[in-house]
Amino acid sequence: MSEEKETMHQDFLHKIVSEDIKEGTFSREICTRFPPEPNGYLHIGSAYAIHTNYSIAKKFNGHFNLRFDDTNPLKEDIEYVNAIIEDIDWLGYNPGNRIYFGSDYSDEIYQYAISLIKKGKAYVCDLSPEEMTEYRGTLTEPGKESPYRNRSIEENLDLFTRMKNGEFPTGAKVLRAKIDMSSPNMNLRDPVIYRIIHAHHYRTGNKWCIYPMYDFAHPIQDAIEGITHSLCSIEFKDHRPLYEWVLNELDISEPPKQREFGRLNITGVVTSKRYLKELIAGEYVDGWDDPRLPTIRGLRRRGYTPESIQNFIEEIGLIKHQSTVDIAMLEHFIRQDLQTKVPSAMAILNPLKVVITNYPEDEFEYLPIENNAKNDELGKRNVPFSKVIYIEKDDFMETPVKGFHRLSPDKEVRLKGAYFIKCNEVIKDDDGEIIELHCTYDPETKSGTGFKGRKVKATIHWVSALHGVKADVHLYDSLFINHEIPKDDKINWLDMINPQSKVIVKDCIVEPSLVEAKPEERFQFIRHGYFCVDHKYSTKKKLVFNRIVSLKDSWKKTK
RNA sequence: UGGGAAGUAGCCAAGUGGUAAGGCAACGGACUUUGACUCCGUGAUGCGUAGGUUCGAUCCCUACCUUCCCAGCCA
C-alpha cells in the first residue's frame, strides 16, 4: 500500500536521492544524519527533521547517523546528550550504534584547517568583533577586506598554531576562510571558521581552546562519516555555497550533498529554543516536559504516542518553504491512533449525585462493559453498579434546550452498560442549586438483554458512588491566547499566556478499575476524550490524569 | 533598495502543456448502548496579479505583488 503511494508520488528529496543512485553519484551507501546541538531538548520540529533524514535512509536501504554537533563548549552539556538519545529512542527512530560526536573529529578538523592555510585559503585575523561587523558590509553594500587578509602562509601557520597552543586570550584572533568580501551572500564574506574559547568542553575537557564554527565543521563531519545527503532546514540554504566551498577546497571526493527542506510550524505552538527557555526559566510552564509544550518530553507527558507523531509527519509531507500546520491535524492523528488501542473507562469530571430510589439498599452488582467498542480483543471489565451513582452535571438539564436529549425531568436515558433511568425529582439546596436527582430504573432494560421495548435518545456514563475513586484531572488548552504565537523581541509572557491553558479539576470520580493504572497508561474516558496517567505527579494515593485530547463533540458546537 | 527561496480551497499538500489527487478543518445526512467512531454527501470555471506564447496554460515567457531567510567569534 505504502509502496504504491511512494511510487506514485515522490517528493523532491526522494527524487534527488533516486537520481543519485541511478547515476551512481556515490560509490558508498546512502547515509543521512540528524545533527542536534546538545544545548536543549528536542521538539516536534526536530522530530520532523529526524523523520525526514531517517525515512530517506530507510527507504533507500541506507544508514542514519545521530551526530551531536558539539563545537561550542559554552552551550553544550551531557545532560542534553542523554535526553536527546532518550527522546529519539522513544520516538522510534533508532540510530543503533551510529551515535557520533562532532567533537570526536577535532583533530581531523584542525588538520583540514591547516591544509586550508597551506593553500592560502585561510588566514588569521586580528579584527575585533566590532571591527569585523563594520568590515563585513551590509546586505546592500559589499564588505571591505581585512588588513590581515594577506598575511603570509608561514605567519598564518605560526599564528594558528599559537592560537591552538593557548597563547592568546579568548576572542583575540580568529581563523577566517579567504573567499570574497563583496559576495552578495554574506556567508561568503570571509567567514570565521575557528575562534578562541578558553572553556571546558563537556567531552574534550581542556584539550582545546580553539573551536571550529558550524560552517567549517559540518561539511567535514559529514564527509568523515560518509554522509551522502545532508538534509537540513531551509535557513541553511544560503550556507550551501560555503558547505560546498569547504568540501571542494579540501578535495573531498564524492562529497556529501546538502539539501534543504522547510521548517515545520504548528498553530498555537512555539518551538524556538529561545522562547522555550524563556517560558521555562520564567516558570510559566512546568519545565521542559510541560504537557502544553511541543517538546518531545511535553508531548510524551501529555500522552501522545510515537506512532501518532510519525503518522502526522508522514501526512504533512515534505515542506518546501514556510508553512504552518493546524494543530487540529496533530490531534486527529492521536485520536486515530488511540481509538482502537486503548481501553475506555468512565470518569465523572463534574459530579451530580443520582439516587435510584427503586434500587435495593446496600446492594450492588457487577456489570460487564466492553473495554473498547472498536476492538473486541481488549475484552470486558466488570463495573460495579449501585443505588447511588454520579453522573456528569452537564448530562442533566432541568429545562432542556431544544435538541438536548440527555436527562431531564420525566425523561429517560440509558446508563452506559446498565439500565434506563428516569428522572422523577430534582433536589436543590437553599440557593436553588441542583444537588441531587431522584430517579427510578427499569430492571427490564438491563444492558445485554436485548431489550427493545422502547428507545432512549442518549446514553450517558456514570460511576457508582460506593465504588468510585477520586482523582485529579488536568485539562489542557492552547498555551497562548487565541492560539496567537508570540513574535516580538521583548515578550510580556503574562499577556500572552492563556490562563485556561491548564485547568486542574479536583476530586473527579472515576471507575475503581483505574486505581491499577500505571504511569503513562492511556485511556478513553467515555464521552470526554483520551487521558493518560501523569508520570510526574500521579501517585497510588492520588491519581492524576492528563487530558491528551478531547473527543470531537458536535453537540457542544451547536450550543 | 543586495542575495536566496516560496506563492494551488480556512490549513497542509499532489499535479506541471490537455482541462485541478489526497488529508485536516467546516457543513449536511445516515447509523449509534460514547452527540464519539463509521458511512454517504458538499467544496477552487480556479492554481498570487496583469499581460503574452499556444488549438489549449496552474504548468512556458515578461513584468509586478506578497511572504520568509541572510549583516553571531550561535547552530
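Lettering follows sequence order; numbering is per chain, from 1. As a basis for the values below, the full set of heavy atoms in this structure was taken, side chains included, without hydrogen atoms, waters or symmetry mates.
Closest to the side chain of K75(A), from the set A25(B), C74(B), G35(B), is C74(B). In this structure, the nucleotide among G35(B), C70(B), A26(B) sitting nearest to the side chain of M186(A) is C70(B). Comparing atom distances between the S323(A) side chain and each of U34(B), C12(B), A5(B) picks out C12(B) as nearest. Nearest nucleotide to the side chain of M132(A), out of C24(B), A75(B), C73(B): C73(B). When each of A75(B), A36(B), C24(B) is scored by its nearest atom to the side-chain atoms of F236(A), the top-ranked nucleotide is A75(B). The nucleotide whose nearest atom lies closest to any side-chain atom of T71(A) is, among A75(B), C73(B), G23(B), A75(B). Side-chain proximity of A328(A) to the nucleotides A25(B), C74(B), C69(B) is greatest for A25(B). Checking U33(B), G22(B), C37(B) against the side-chain heavy atoms of Q339(A) singles out C37(B) as nearest.
Residue contacts shown for Y194(A) are absent, as no nucleic acid heavy atom lies under 4.0 Å away. At a threshold of 4.0 angstrom between heavy atoms, the contacts of V325(A) are confined to the sugar-phosphate backbone, with no base atom among them. L127(A) comes within 4.0 angstrom of a base, heavy atoms only. Nucleic acid contact for G417(A): base, since at least one base atom lies under 4.0 Å from a heavy atom of the residue. Nucleic acid contact for G448(A): base, since at least one base atom lies under 4.0 Å from a heavy atom of the residue. As judged by a 4.0 angstrom heavy-atom cut-off over every strand, T140(A) is placed among the base-contacting residues. I316(A) comes within 4.0 angstrom of sugar-phosphate atoms only, judged by non-hydrogen atoms across all strands, and of no base.
Within the 4.0 Å cut-off from OP1 or OP2 of A75(B), at least one side-chain nitrogen or oxygen of R195(A) is found. Note on K320(A): a side-chain N or O is less than 4.0 Å away from OP1 or OP2 of G7(B). When the side-chain nitrogen and oxygen atoms of H321(A) are compared with OP1 and OP2 of C68(B), none of them lie within a distance under 4.0 Å. Look at T459(A) and you won't find any side-chain N or O under 4.0 angstrom from OP1 or OP2 of G35(B). OP1 or OP2 of C37(B) has not a single side-chain nitrogen or oxygen of T340(A) nearer than 4.0 Å. Between C73(B) and R136(A), a contact under 4.0 Å exists linking OP1 or OP2 to a side-chain N or O. One finds a side-chain N or O of R527(A) lying less than 4.0 angstrom from the OP1 or OP2 phosphate oxygen of G35(B). The phosphate of U34(B) (OP1 or OP2) has no side-chain N or O of K374(A) nearer than 4.0 angstrom.
Of the C1' atoms belonging to A25(B) and C12(B), the separation is 11 Å, rounded to the nearest Å. Comparing the same atom, C1', in G43(B) and in G28(B) gives a spacing of 12 Å after rounding to whole Å. Across U49(B) and C59(B), the matching P atoms stand 11 Å from one another, rounded to whole Å. Comparing U53(B) with A44(B), their P atoms are spaced 30 Å from each other, to the whole Å. Spacing of P atoms, G22(B) relative to A5(B), comes out at 32 Å, to the nearest Å. Across U54(B) and U62(B), the matching C1' atoms stand 16 Å from one another, rounded to whole Å. A distance of about 16 Å separates the C1' atoms of U45(B) and G18(B), rounded to the whole Å. Atom C1' of G23(B) sits at a distance of 8 Å from the matching atom of A13(B), rounded to the whole Å.
Taking all atoms of both residues into account, the shortest heavy-atom contact from E131(A) to D126(A) is OE1-O, 4.5 Å.
A donor N or O paired with an acceptor N or O is not found under 3.5 Å between the base of U33(B) and the side-chain atoms of E370(A). Side-chain to base pairing of R240(A) with G4(B): no donor and acceptor N or O lie closer than 3.5 Å to each other. Checked by distance alone, K237(A) brings no side-chain donor or acceptor within 3.5 Å of a matching partner on the base of C69(B). The base of G3(B) sits with one of its N or O atoms less than 3.5 Å from a complementary donor or acceptor on the side chain of D238(A). In this model, a side-chain donor or acceptor of H405(A) finds a partner on the base of G35(B) within 3.5 Å.
For G22(B), the O4'-C1' to base torsion is more than 90° from 0; the nucleotide is therefore anti.
Remark: A26(B) base-pairs with U42(B). Criterion, Watson-Crick or G-U wobble with two distances under 3.5 Å. Using N1 to N3 plus N6-O4 or O6-N4 for Watson-Crick, or N1-O2 and O6-N3 for G-U wobble, each under 3.5 Å, A50(B) pairs with U62(B). Across the strands present, A75(B) finds no partner; the criterion is a Watson-Crick or G-U wobble pair with both atom distances under 3.5 angstrom. With a cut-off of 3.5 Å on both pairing distances, A14(B) has no Watson-Crick or G-U wobble partner at all. A5(B) is paired with U67(B) under the criterion used here, namely a Watson-Crick or G-U wobble arrangement in which both key atom distances are under 3.5 Å.
When each of T440(A), L407(A), D442(A) is tested with I421(A) by the rule side-chain contact (heavy atoms from CB on, under 4.5 Å), just one qualifies, namely L407(A). The ring-ring contact (aromatic ring centres under 6.0 Å, His included) with F160(A) is formed by just one residue from the set Y123(A), F168(A), Y194(A); it is Y194(A). The residue from V510(A), I389(A), I369(A), I391(A) that alone fulfils the side-chain contact (heavy atoms from CB on, under 4.5 Å) condition with M346(A) is I369(A).
Each of E235(A) and V456(A) was assigned the nucleotide of RNA chain B with the nearest heavy atom; the assignment lying further toward the 5' end belongs to V456(A). Nearest-nucleotide positions on RNA chain B for K15(A) and S447(A) put K15(A) closer to the 5' end.
No more than 12 heavy atoms of other residues, nucleotides or ligands lie within 6.0 Å of NZ in K380(A), so this atom counts as exposed by the packing criterion. Annotation: Y112(A), atom OH; neighbour count of heavy atoms from other residues, nucleotides and ligands within 6.0 Å does not exceed 12.
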Practice problem: Begin from the C-alpha positions of H239(A) and Y243(A) and carry the test ring pair (Phe, Tyr, Trp, His ring centres under 6.0 Å) through to its verdict. | Solution: CA-CA 6 Å; H239(A) 294 244; Y243(A) 181 94; over 10 Å; no
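Rounded to whole Å, the distance from CD1 on I313(A) to C1' on C24(B) is 16 Å. For K556(A) and A36(B), the NZ to P distance is 12 Å, given to the nearest whole Å.
A distance cut-off of 5.5 Å between ring centres, combined with a plane angle under 30°, places W555(A) in a stacking arrangement with the base of G35(B).
Considering only heavy atoms from C-beta on, W245(A) comes within 4.5 Å of K121(A) through its side chain.
Taking the ring axis of F101(A) as reference, the NZ or CZ atom of R203(A) stays within 45° of it and closer than 6.0 Å to the ring centre.
Checked by atom type, the side-chain pair H218(A)/R33(A) shows a donor-acceptor distance below 3.5 Å.
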